[in-house]
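Okay, so here's the structure we're looking at.
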Amino acid sequence: MSARSPATPRRSGRGEAPDSSSTQQAHGLADGEIAARLLAWFDRHGRVDLPWQHPRTPYRVWLSEIMLQQTQVSVVSGYFERFVSALPDLPALARASQDEVLALWSGLGYYARARNLHATAKLCVERHGGDLPRDLDALIALPGIGRSTAGAILTQAWNDRAPILDGNVKRVLCRLFGIDGWPGTPAVEKQLWSIAASLLPDARLADWTQAQMDFGATLCTRASPACAICPLQDACVARREGRIAELPAAKPGKPLPQRETRMLIVEDPAGRVLLWRRPPTGVWASLWSLPQHESSDEAQAWFQRHLDGDFASARALPALDHGFTHFRLRIHPRLIAVSGPRAAIGDNADLRWASRAELATIGLPAPVRKLLQEQTE
DNA sequence: AAGGCGGGGAT
DNA sequence: ATCCCAGCCTT
């Protein structure tokens, strides 16, 4: 095996990222605490029965990592089993014809991955005695292996210490540290790499890599993260600032017109919610909805005109996106409790209180219903 | 810095 | 329909 010294922790604690110190402090946890919590979570909820984990050899780790580039676990599993049955080790892959390799890959997409896989197997036979090199730069020098895949191989195959930065890690770090900007830009990516390096624990590196991916894939998911049961909820900047829906920032594209609005969830002591009837024209015409305003100032003025309570006590909830055919609407909801209704509301045909049970029978816009349901949970 | 590469899952 | 996925390589 060509190689370098195994698994000696280079340094403990602080990362190698002078330019990201400000964001690294934002989460408010001590060094090592994030990894400790995620590893504890992994011990209870991590995925431990994936096909490439039994047995976990360098060849199987490498093959799985290549197949998993831009491809979900549920899709890869079947292909992986078929592939390793036909070509059970690296020399067998090196000996195979390109046609056979491509046939085993057929349907997986991104066929350059298969050609590079085959080329790398041959190179490993030539250069590295038929094994994958246990060295970051030597791995990256092989076709189809970038920095993240190299890190995943080193950690999973040998428990060596190296960071990864896949889609899961990017999403988790952007939320946890409140990082703005599309993660695809070099500047953001550089910052994420430095944070990923700074979070590395000193042991259990294979578990650490798997823990991050499992956490991103099953808990801190793109569309509906399970923040309520997240082991990092108290430290998450996006959670604290109500920006879960906004982070990570989406790839800039041909933008549909984007509109923003604010909605108030006003709750009385009995748990009833204040509804507002929308005008008879325009979107959601005549549907019952939530009090809605263009700006925070407008919302505050409306609140003070209609209700008794402290507007400053309103809590920002995560923004909610809703798509129409011709524009995209981002709703910024706020939750506020009031001591009781003012008499005037009873006389207002466009305002009413509704209990949670009544809501099921009232025509509400889909995002509003979703919002109120989530709020109840 | 941007585009190409594929097919499928989730919403 | 749209976005994204255990990214990497070329231009």
Side-chain angles (χ1 to χ4, degrees), chain A residues 42 46-47 50-53 56 60-80 102 105-117 119-120 139-157 162-174 181-190 192-193 196 205-226 245-256 258 320-329 366-367 369-370 374:
Chain A
F42 173 77
R47 294 178 290 190
L50 299 173
W52 40 92
Q53 295 174 330
R56 190 159 65 181
R60 291 163 62 90
V61 166
W62 164 54
L63 175 62
S64 71
E65 289 302 331
I66 302 301
M67 285 188 166
L68 286 161
Q69 289 170 359
Q70 298 300 103
T71 312
Q72 295 174 194
V73 168
S74 59
V75 177
V76 164
S77 293
Y79 284 90
F80 178 85
L102 287 174
W105 205 271
S106 178
L108 253 191
Y110 282 142
Y111 296 94
R113 293 184 295 173
R115 291 192 298 273
N116 288 333
L117 187 82
T120 285
L139 283 169
I140 292 174
L142 294 165
I145 301 179
R147 186 174 173 189
S148 187
T149 298
I153 293 171
L154 285 174
T155 53
Q156 303 235 310
I164 62 166
L165 190 63
D166 64 4
N168 289 309
V169 178
K170 286 178 180 174
R171 180 174 57 256
V172 170
L173 295 185
C174 281
W182 179 50
T185 65
V188 175
E189 199 160 300
K190 182 181 175 187
L192 292 172
W193 270 114
L205 273 303
D207 287 346
W208 169 240
T209 288
Q210 193 63 41
Q212 292 174 91
M213 299 197 271
D214 290 353
F215 180 75
T218 68
L219 195 156
C220 193
T221 60
R222 185 165 65 88
S224 55
E246 300 164 23
L247 297 178
K251 175 181 181 175
K254 36 98 211 186
L256 241 40
Q258 172 99 25
L320 186 69
D321 287 322
H322 185 71
F324 294 87
T325 54
H326 50 307
F327 68 95
R328 183 164 284 283
L329 182 66
R369 186 175 302 282
K370 181 171 191 281
E374 282 177 356

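The sequence lines fix the lettering, A, B, ..., with proteins before strands; numbering per chain opens at 1. Please read all numbers here as calculations on a predicted model, not as lab measurements.
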C/dA6 P sits how many Å from A/D214 CG, rounded? 10 Å
Need one value for A/I153: base, sugar-phosphate or nothing, where a base atom within 4.0 Å counts as base even if backbone is also close, heavy atoms only. nothing
Report the distance from atom CE of A/M67 to atom C1' of C/dG7, rounded to the nearest whole Å. 16 Å
Tell me, for nucleotides 1-11 of chain B in 5' to 3' order, what letter each nucleotide earns: B for a base near a protein heavy atom under 4.0 Å, S for only sugar-phosphate near one, - for neither? S---BBBBS-S
Do A/M213 and A/V73 have side-chain heavy atoms sitting under 4.5 Å apart? no
Would you measure the distance from the P atom in C/dC8 across to the matching atom in B/dG8 and give it in whole Å? 23 Å
What pair of heavy atoms forms the shortest contact from A/I164 to A/A196, and how long is it? O-CB, 3.8 Å
Of A/G146 and A/R171, the one whose closest DNA chain C nucleotide lies more 5': A/R171
Taking C-beta and beyond as the side chain, do A/L192 and A/V169 meet within less than 4.5 Å on heavy atoms? no
Would you kindly give the CD-to-P distance between A/E65 and C/dG7, to the nearest whole Å? 9 Å
Separation of C/dC9 atom C1' from A/N116 atom CG, nearest Å, is 8 Å
Who are the side-chain hydrogen bond (donor to acceptor under 3.5 Å, both in side chains) partners of A/T120, not counting sequence neighbours? none
Nearest-angstrom distance from the residue atom CG of A/L63 to P of C/dA6: 17 Å
Gap between atoms CD1 and P, on A/I164 and C/dC8 respectively (whole Å): 11 Å
Rounding to an integer number of Å, can you tell me how far A/R147 CZ sits from C/dA6 C1'? 16 Å
If we take the C1' atom in both C/dA6 and B/dG3, what is their distance in whole Å? 22 Å
Quick one: label A/E189 by what it contacts on the DNA or RNA (base, sugar-phosphate, nothing), any heavy atom closer than 4.0 Å. nothing
Could you tell me if A/T71 and A/R113 have a donor-acceptor pair between their side chains, going purely by distance under 3.5 Å? yes
Classify the nucleic acid contact of A/V73 as base, sugar-phosphate or nothing, counting any heavy atom under 4.0 Å across all strands shown. base
Rounded to whole Å, how long is the line connecting atom CG of A/L68 with atom C1' of C/dC5? 10 Å
Check the side chains of A/N168 and A/R171 for a donor-acceptor pair under 3.5 angstrom, ignoring hydrogens and angles. yes
Determine the contact category for A/W52: base if any of its heavy atoms lies under 4.0 Å from a base atom, sugar-phosphate if only primed atoms, P, OP1 or OP2 are that close, otherwise nothing. base
Can you tell me how far the OG1 atom of A/T209 sits from the CD1 atom of A/I153, to the nearest 0.5 Å? 11.0 Å
